[in-house]
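Along the sequence shown, residues carry numbers from 1.
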Amino acid sequence: MAKERQILEIPDYLTVRDLADLMDASPIEVMKELISNGIMATINQQIDYDTAAIVADGMGYEPQPVRAPEPSREEEEAARPAWRKLYSGEDPSKLQRRPPVVTVLGHVDHGKTSLLDAIREAHVTESEAGGITQHIGAYQVELNGRVITFLDTPGHEAFTAMRSRGAQGADIAVLVVAADDGVMPTTREAVAHARAARVPIVVALNKIDRPTANPERVKQQLADLDLKTDEWGGDTLVVPVSAITRQGIDDLLEAILLVADETEIFANPAQPAAGTVLEGRMASGRGPVATLLVQNGTLRTGDVVIAGLASGRVKGMFDQSGKTIKEAGPSQPVTIMGLDEPPHAGDMFSAVKSVKEARALVEEHRMEHAATKVRPPQAVTLEDIFSRFLAGEAKELLLIIKVDVFGSLEPVVNSVQDIKEGDLKVRVLHADVGDITENDVNLASASDAVIIGFNVEADSAAQRVAESVGVEIRTYNIIYKLIESVELALKGMLEPVYEDRTVGVAEVRRVIRLPRLGNIAGSYVLEGTARRNAKARVVRGGQTIHESANISSLKRFDEDVREVRTDFECGIRLSNFDAFEEGDRIEFYVRERVN
């Protein structure tokens with residue numbers, strides 16, 4: 001009877017020396033095992049779990065990952081930097097209304113930039129008219145004595161990139177749709193991004209001056225996206241405009257202010273400033289320059305600021321027209337000088353008490369940033385949604401759904417939206433036809449959503465980004481399997497599904513008998529690749545006679561190798577089996593998660 005192997009718990013990352021200590025082995029033995037698997041590593045070099053598991057397996061242990069306990073909500077709240085909270089938890093009596101911050105989204109050819117230019121040219125104050133000398137990524141306009149801040153960074157990709165870095169970015173989204181072209185796939189994506197950010201949408205029906213404009217058709221398309229115009233009894237303001245003739249510009253601004261009045265847009269000007277970085281760059285003669293959007297508090301010249309991994313004292317501050325100012329309140333975009341390096345767009349910024357405190361916080365952020373580079377982000381998965389709900393971290397399962405044909409879209413969306421388990425329910429952020437793309441992954445990343453595909457695949461770019469940012473993609477070709485997975489996820493009963501995939505087949509041509517090592521199978525690889533880190537099964541006469549064997553060694557002549565390709569000979573030794581016979585087939589397989 002084979003001796004049961006000792007379980008060895010291995011962390012995600014450790015040094016070669018640490019691994020040797022775990023196994024009570026010499027670091028030299030560990031380094032030799034690494035070299036036999038084609039890995040060169042020094043004694044103090046850090047290796048990941050997969051590499052350590054190969055070594056432990058080769059040295060007779062049963063490797064298993066060790067997981068750190070999940071932090072409690074109290075621990076997470078205590079660890080959360082105060083500068084990320086903006087005005088949450090403020091005394092309501094000290095909050096004041098602030099100007100709304102607006103982002104403009106829509107299809108690439110529907111006139112977002114032209115509309116922004118038209119608004120800016122029509123409504124900058126007289127003192128600033130003709131005085132705008134720089135592009136700072138945002139500007140303010142006035143209508144009837146009230147101010148609106150526009151983010152001059154059109155495109156839902158930029159909007160979502162800011163959110164993925166922790167910034168809300170905007171209070172209201174203006175969706176630009178061309179009256180002569182209608183709703184496009186990019187329009188639907190923009191709606192999904194705005195809804196994921198939970199910001200109200202105002203529709204600017206642009207190009208209304210064109211002879212081919214068909215506003216009624218476009219309003220019906222918008223209604224199909226649950227953006228029913230108020231004229232039809234809905235709650236979406238749809239405003240006809242023309243960026244060329246300036247028709248409807250004032251109406252659009254009035255609609256924005258009307259929505260702002262119905263939305264909780266507050267700030268406490270008495271607090272230290274906090275907000276979002278819109279842009280960072282090196283400016284000739286000025287050094288690092290940053291454009292900031294103040295979202296809470298008041299920023300003053302002389303304040304010490306941290307912005308991402310940058311910090312410094314504000315030496316100069318300029319408004320949208322380039323004029324020097326001494327302070328900036330909530331919703332005001334400003335350009336500052338004095339940081340030690342340019343911050344990144346989407347970074348959060350805050351004013352702190354001293355340079356010493358700023359340096360300490362930046363060092364903490366730098367360490368967090370380094371840790372996220374080493375350790376890939378933890379994906380939100382269907383399996384863990386129930387535990388997140390119990391921990392108070394999630395109230396709903398957010399899904400992005402992609403299907404192959406329009407005929408499948410409504411049945412799939414309706415089926416999953418009807419699923420509910422107690423207070424935990426499903427919300428579909430975005431549903432469309434076509435393969436899963438990088439844009440879908442970016443939306444999921446910013447929203448902590450899971451992507452579900454029905455009879456579609458994820459393109460290579462989407463797969464690559466999903467792996468790097470921690471987004472789960474699940475694909476199905478049977479609708480009841482898809483629905484069943486979501487139901488089980490909401491009940492906390494969904495288990496991951498794994499399948500064995502054969503990666504290579506070798507035929508035993510000769511049995512080599514060694515007195516102390518046992519029998520070695522002199523083999524010829526018939527197809528695929530014989531892999532050192534795979535499992536093996538031995539098949540004789542069409543019947544499997546041994547399963548789940550570890551490969552003790554894989555050699556080409558006298559050299560240890562990690563793999564052997566088709567049409568090459570090799571020597572194979574298995575850990576718990578050596579009763580080979582000529583003609584046996586050794587199948588190499590790996591266990592892969594399929595859902």
Can you tell which of Asn442, Val471, Asp440 makes a side chain to side chain contact (heavy atoms under 4.5 Å, CB included) with Val465? Asn442
Charged N-O contact under 4.0 Å between Arg474 and Glu472: yes
What's the spacing between Ser447 OG and Leu399 CG if we round to 0.5 Å? 11.5 Å
Applying side-chain contact (heavy atoms from CB on, under 4.5 Å) to Ile436 and Thr475, what does each step give before you reach the verdict? CA-CA 10 Å; Ile436 297 161; Thr475 56; 4.3 Å; yes
Applied to residues 544-579, the ring-ring contact (aromatic ring centres under 6.0 Å, His included) test, sequence neighbours excluded, yields His546-Phe577, Phe577-Phe580
For Asp18, salt bridge (Lys or Arg N to Asp or Glu O under 4.0 Å) partners two or more places apart: none
By salt bridge (Lys or Arg N to Asp or Glu O under 4.0 Å), Glu396 pairs with (sequence neighbours left out) Arg198, Arg427
Please check if the number of heavy atoms outside Arg359 that lie under 6.0 Å from its CZ is greater than 12. no
Partners of Ala192 by side chain to side chain contact (heavy atoms under 4.5 Å, CB included), sequence neighbours excluded? His430, Leu443
Above 12 or not: heavy atoms from other molecules or residues under 6.0 Å from CD of Glu410? no
For Arg585, is there an ion pair with Glu587 - N to carboxylate O distance below 4.0 angstrom? no
Thinking salt bridges, do Asp578 and Arg573 make one under a 4.0 Å N-O criterion? no
Residues at least two apart in sequence or cross-chain that pass salt bridge (Lys or Arg N to Asp or Glu O under 4.0 Å) with Asp435, listed by chain then number, are none
Applying ring-ring contact (aromatic ring centres under 6.0 Å, His included) to Phe588 and not counting sequence neighbours gives none
Sequence-distant partners of Glu581, salt bridge (Lys or Arg N to Asp or Glu O under 4.0 Å), two or more places apart: Arg540
Sequence neighbours left out, what passes side chain to side chain contact (heavy atoms under 4.5 Å, CB included) with Lys481? Give chain and number order. Tyr476, Ile478, Glu484
Does Asn550 reach the main-chain N or O of Ser552 with its side chain, forming a donor-acceptor pair under 3.5 Å? no
Would you name the heavy atoms of Leu19 and Ile47 that are closest together and state the gap between them? CD2-CD1, 4.0 Å
Mark yes or no for whether Gln463, through its side chain, and Ala458, through its backbone, hold a donor-acceptor pair below 3.5 Å. yes
Does anything in residues 26-36 pair up under salt bridge (Lys or Arg N to Asp or Glu O under 4.0 Å), and if so which pairs, sequence neighbours excluded? Glu33-Arg532
Is it true that atom CZ of Arg509 has more than 12 heavy atoms of other residues, nucleotides or ligands lying nearer than 6.0 Å? yes
Contacts of Gln417 meeting side chain to side chain contact (heavy atoms under 4.5 Å, CB included) (sequence neighbours excluded), chain-then-number -> Val413, Asn414, Val428
Over 12 foreign heavy atoms within 6.0 Å of CZ, Arg510: no
side-chain hydrogen bond (donor to acceptor under 3.5 Å, both in side chains) contacts touching residues 522-531 (sequence neighbours left out): Tyr524-Asp567
For Asn477, what residues pass the side chain to side chain contact (heavy atoms under 4.5 Å, CB included) criterion, not counting sequence neighbours? Asn455
